[in-house]
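Per chain, numbering begins at 1; letters A, B, ... match sequence-line order. These numbers come from a predicted model, not from an experiment.
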Amino acid sequence: MSTATATPGAAPPRGSMKQNRRWALIWSYVFLSIFAAFFLLPPIYMFITSLKTSAEVSAATTPWWVHNPTLDNYKALLTSREFMIFFRNSVVVSTCVVIITMLISILAAFSLARMKFWGSATLATGVFLTYLVPDTLLFIPLFKIFAWLHEVTDIQFINRWWMLIILYPTLTVPFCTWIMIGYFASIPKELDEAAIMDGASYMQVLTRIFIPVALPGIIAATIFAFTVSWAQFLYPLAFTTSTDQLLLPVGIVTTLIKGDVFNWGQIMTGALLGALPPLVIYAFLMDYYIAGLTAGATKG
Amino acid sequence: MADVQLRKLVKRYDEVEAVRGIDLDIADHEFVVLVGPSGCGKTTTLRMIAGLEEITDGDIRIAGEVVNDIPPKDRDIAMVFQNYALYPHMTVTENMSFGLRLKRFAQEVIAGRVSEAAQILDIRELLERKPRQLSGGQRQRVAMGRAIVRHAKVFLFDEPLSNLDAKLRVQMRTEIKKLHLRLRTTTVYVTHDQVEAMTLADRVVVMNNGRIEQAGAPTELYASPRTRFVAGFIGSPAMNFIPCVLEQAAGALRVAIPGGPSFDVPGDRTARYAASAGRKLLLGLRPEHVTEPGGAEHPSVQAFETVLEVTEPMGMETLVYFPMAGTQVCGRVDPGAGAMPNKRMTLVADMRHMHLIDEESGLVL
């Protein structure tokens with residue numbers, strides 16, 4: 001980092017702007033370092049453990065060093081049929097959930113933010129309140145609903161991975177709609193009025209003006225929906241049981257912990273590989289994500 | 001192109017009546033400016049003509065057709081917004097051609113119209129830029145270009161110059177006037193700036209409290225305001241309103257200012273004001289009719305003495321301020337007249353341009 005502000009031998013006077021800035025920077029680095037260490041240590045630990053054999057994991061050596069690095073855990077998982085099924089199930093579920101979520105959220109947010117109608121403000125608040133209900137409260141009633149649906153329709157919903165595509169949007173749609181309402185609300189009203197005067201229908205205003213202008217917000221919401229559905233643990237744990245129906249987070253835990261035997265090396269490898277897709281998406285879309293989350297904070 | 005008629009137009013928001021039954025006929029090719037203070041209902045009226053606000057009561061006719069329930073896109077009108085409202089993700093060309101593309105015009109027609117508008121507005125070199133790469137004035141030109149390419153029946157302008165700096169505003173004002181002289185499209189223009197209204201309009205419509213106070217040619221409104229509101233709103237600096245008593249003496253009328261001078265009412269106004277003799281009124285005089293002595297003498301140009309409080313040299317003239325009957329009066333004198341603060345000075349009031357206003361009703365007598 002630049003230290004050009006500090007002139008050797010001539011310390012800035014106490015209370016000066018230079019001095020204040022220097023202290024602000026020092027404290028920033030102190031807290032950022034603590035923050036970074038706190039959040040980076042678990043993945044580093046996962047990575048180190050993933051390179052160890054089971055024998056080395058259980059040996060009484062320092063957990064922060066690998067004496068005999070091996071890629072066996074990676075080979076074992078990447079050639080495992082089960083792991084590939086979990087991965088495929090997760091990819092299909094997350095992709096479908098993202099598509100369904102964005103379709104519903106964008107349309108809902110546009111109508112709530114722009115098409116004033118009776119009860120629209122209450123509905124918008126309602127959407128946010130729905131988000132505040134935790135999934136731990138919802139999964140039992142949802143389980144009962146699906147059991148009842150099975151009785152009525154004779155279609156098996158429980159223990160089917162595809163039913164998570166119907167379930168996950170209950171978690172993602174409210175928050176994504178809420179983000180999009182905020183983002184759409186930050187678009188000047190005159191923009192849609194100008195489009196309407198130009199002859200656009202509401203749908204054209206949405207597709208030709210709002211979606212391109214609100215792209216950073218849409219990307220932020222997409223990343224959120226993907227992360228939530230990729231990392232969701234409780235619903236797949238409660239609703240799926242057969243090995244071929246499991247998703248990655250539950251699959252790793254249930255198949256790699258056998259009784260009281262923990263295959264730590266493979267568990268850590270699985271978790272690391274499982275964390276890769278969101279990481280890659282974040283890395284590519286980070287700039288858009290930040291722009292999306294801070295939209296409306298200042299008048300652009 | 002088309003004429004626009006407003007009949008008993010009303011707009012109510014819950015308890016608030018923003019527009020209170022206005023009637024207005026805007027002729028084909030006419031440039032009408034709606035002017036008034038904030039909240040007078042001018043923008044609401046414009047938005048109702050555009051179709052962006054629903055009408056509570058009354059009728060709007062464009063080219064003879066009632067358009068109350070016709071959506072904006074089918075009214076064949078183009079609008080220029082205060083904050084430009086350019087689509088930020090589109091280039092200037094795309095912005096201007098958006099409406100035509102939606103209506104599926106042929107590519108050659110679109111290209112021709114964009115090119116024509118760009119030439120008129122002198123923005124040919126900006127066509128491939130995005131709005132964020134343009135200055136305020138350029139953005140406003142593009143916004144006008146978007147309206148021009150539509151070849152619409154009516155142009156609506158909603159305070160289009162408010163976001164520009166003073167110099168650019170004057171420049172764009174001239175551009176808009178030139179544009180209208182060239183295209184002759186029926187135009188309704190909303191502004192709170194009376195100078196804009198006076199300079200641009202064929203006819204100025206002064207609005208206040210949701211009603212039309214007066215509509216007429218700019219010079220007519222300036223010379224013959226019908227209400228105190230119009231008299232005070234049109235003209236800069238504003239007209240002076242001085243409390244006075246209209247006295248009758250030997251068949252003539254005099255305007256007596258308490259604690260100040262008295263002025264004879266010109267003979268040709270005697271009949272008009274006779275019925276109000278003895279009443280307390282307001283004398284309305286524009287600053288240019290309170291000036292230094294000189295020029296051709298006329299019995300209605302009457303002198304009085306005063307001590308100046310403040311002077312404002314403007315270059316081509318000097319504004320002088322002095323107290324009279326508890327109000328501050330503004331006059332306009334020649335820069336060479338030697339006006340200075342605290343200086344005793346003889347000024348003249350040109351009573352040929354006087355107005356007498358009934359304070360209670362606010363009407364000009």
Side-chain angles (χ1 to χ4, degrees), chain A residues 102 106 109-111 113-122 180 182-222 285 287-288 290-292 294-300, chain B residues 13 43 46-47 49-54 70-91 94-105 110 130-132 139 142-160 162-163:
Chain A
M102 293 321 292
I106 289 174
F110 180 69
S111 57
R114 275 304 198 261
M115 301 166 70
K116 279 184 191 158
F117 53 90
W118 188 84
S120 57
T122 318
M180 293 314 300
Y183 211 92
F184 285 162
S186 73
I187 296 175
K189 187 96 181 77
E190 285 86 351
L191 221 56
D192 29 325
E193 289 180 346
I196 285 170
M197 296 299 298
D198 267 341
S201 63
Y202 273 119
M203 207 51 171
Q204 283 169 322
V205 171
L206 175 65
T207 54
R208 310 281 290 266
I209 309 292
F210 270 60
I211 289 178
V213 171
L215 203 58
I218 291 171
I219 287 172
T222 305
L285 301 174
D287 288 346
Y288 277 117
I290 290 168
T294 56
T298 54
K299 200 174 183 313
Chain B
Y13 297 101
T43 297
L46 190 83
R47 290 171 60 81
I49 299 172
L52 295 171
E53 293 283 350
E54 277 180 30
I70 294 179
K73 67 187 174 84
D74 298 328
R75 293 191 184 193
D76 197 10
I77 44 189
M79 186 159 170
V80 177
F81 293 84
Q82 180 178 351
N83 66 357
Y84 325 121
L86 298 180
Y87 313 123
H89 58 296
M90 296 185 194
T91 63
E94 288 165 345
N95 260 285
M96 283 163 66
S97 60
F98 183 66
L100 301 179
R101 283 186 282 133
L102 285 178
K103 292 199 167 84
R104 301 189 186 285
F105 275 67
I110 295 175
K130 292 267 175 75
R132 64 172 177 275
R139 286 180 200 184
V142 176
M144 287 198 281
R146 195 165 60 180
I148 292 171
V149 295
R150 295 263 312 277
H151 289 187
K153 282 184 198 157
V154 182
F155 280 171
L156 305 177
F157 287 86
D158 185 10
E159 307 209 24
S162 302
N163 285 7

Next item on the list: Can you measure from CD1 (Ile110(B)) to CZ (Phe98(B)) and round to the nearest 0.5 angstrom?
Entry: 11.5 Å
Checklist line | Spacing of Thr222(A) atom OG1 and Met102(A) atom CE [to the nearest 0.5 Å] | finding: 4.0 Å
Checklist line | The single option from Ile49(B), Val154(B), Leu156(B) passing side chain to side chain contact (heavy atoms under 4.5 Å, CB included) against Met79(B) | finding: Leu156(B)
Check: Can you tell me how far CG of Leu46(B) sits from CZ of Phe81(B), rounded to the nearest 0.5 angstrom?
Finding: 9.0 Å
Next item on the list: Output the distance between atom CZ (Arg146(B)) and atom CE (Met90(B)), rounded to the nearest 0.5 Å.
Entry: 9.0 Å
Note to self: According to side chain to side chain contact (heavy atoms under 4.5 Å, CB included), who are the partners of Thr43(B), at least two apart in sequence or on a separate chain?
What the structure shows: Arg47(B), Asp158(B), Glu159(B), Val190(B)
Check: What residue, out of Ala78(B), Pro72(B), Ala85(B), has the most heavy-atom pairs lying under 4.5 Å from chain A?
Finding: Ala85(B)
Notebook entry, point to check: Can you say whether Leu100(B) sits under 4.5 Å from chain A via the side chain, the backbone, both, or neither, judging by heavy atoms?
Noted result: neither
Notebook entry, point to check: Under 3.5 Å, is there a donor-acceptor pair between the Tyr84(B) and Asn95(B) side chains?
Noted result: no
Check: So which of Arg75(B), Lys103(B), Arg150(B) has the largest heavy-atom pair count under 4.5 angstrom toward chain A?
Finding: Arg150(B)
Note to self: Less than 4.5 Å to any heavy atom of chain A: does that hold for the side chain of Tyr87(B), its backbone, both, or neither?
What the structure shows: both
Next item on the list: Would you please go through residues 203-211 of chain A and name the residues with a non-hydrogen atom below 4.5 Å from one of chain B, in numerical order?
Entry: Gln204(A), Arg208(A), Ile209(A)
Note to self: Does Arg114(A) qualify as a cation-pi partner of Tyr202(A), given the criterion of NZ or CZ under 6.0 Å from the six-membered ring centre and within 45 degrees of its axis?
What the structure shows: no
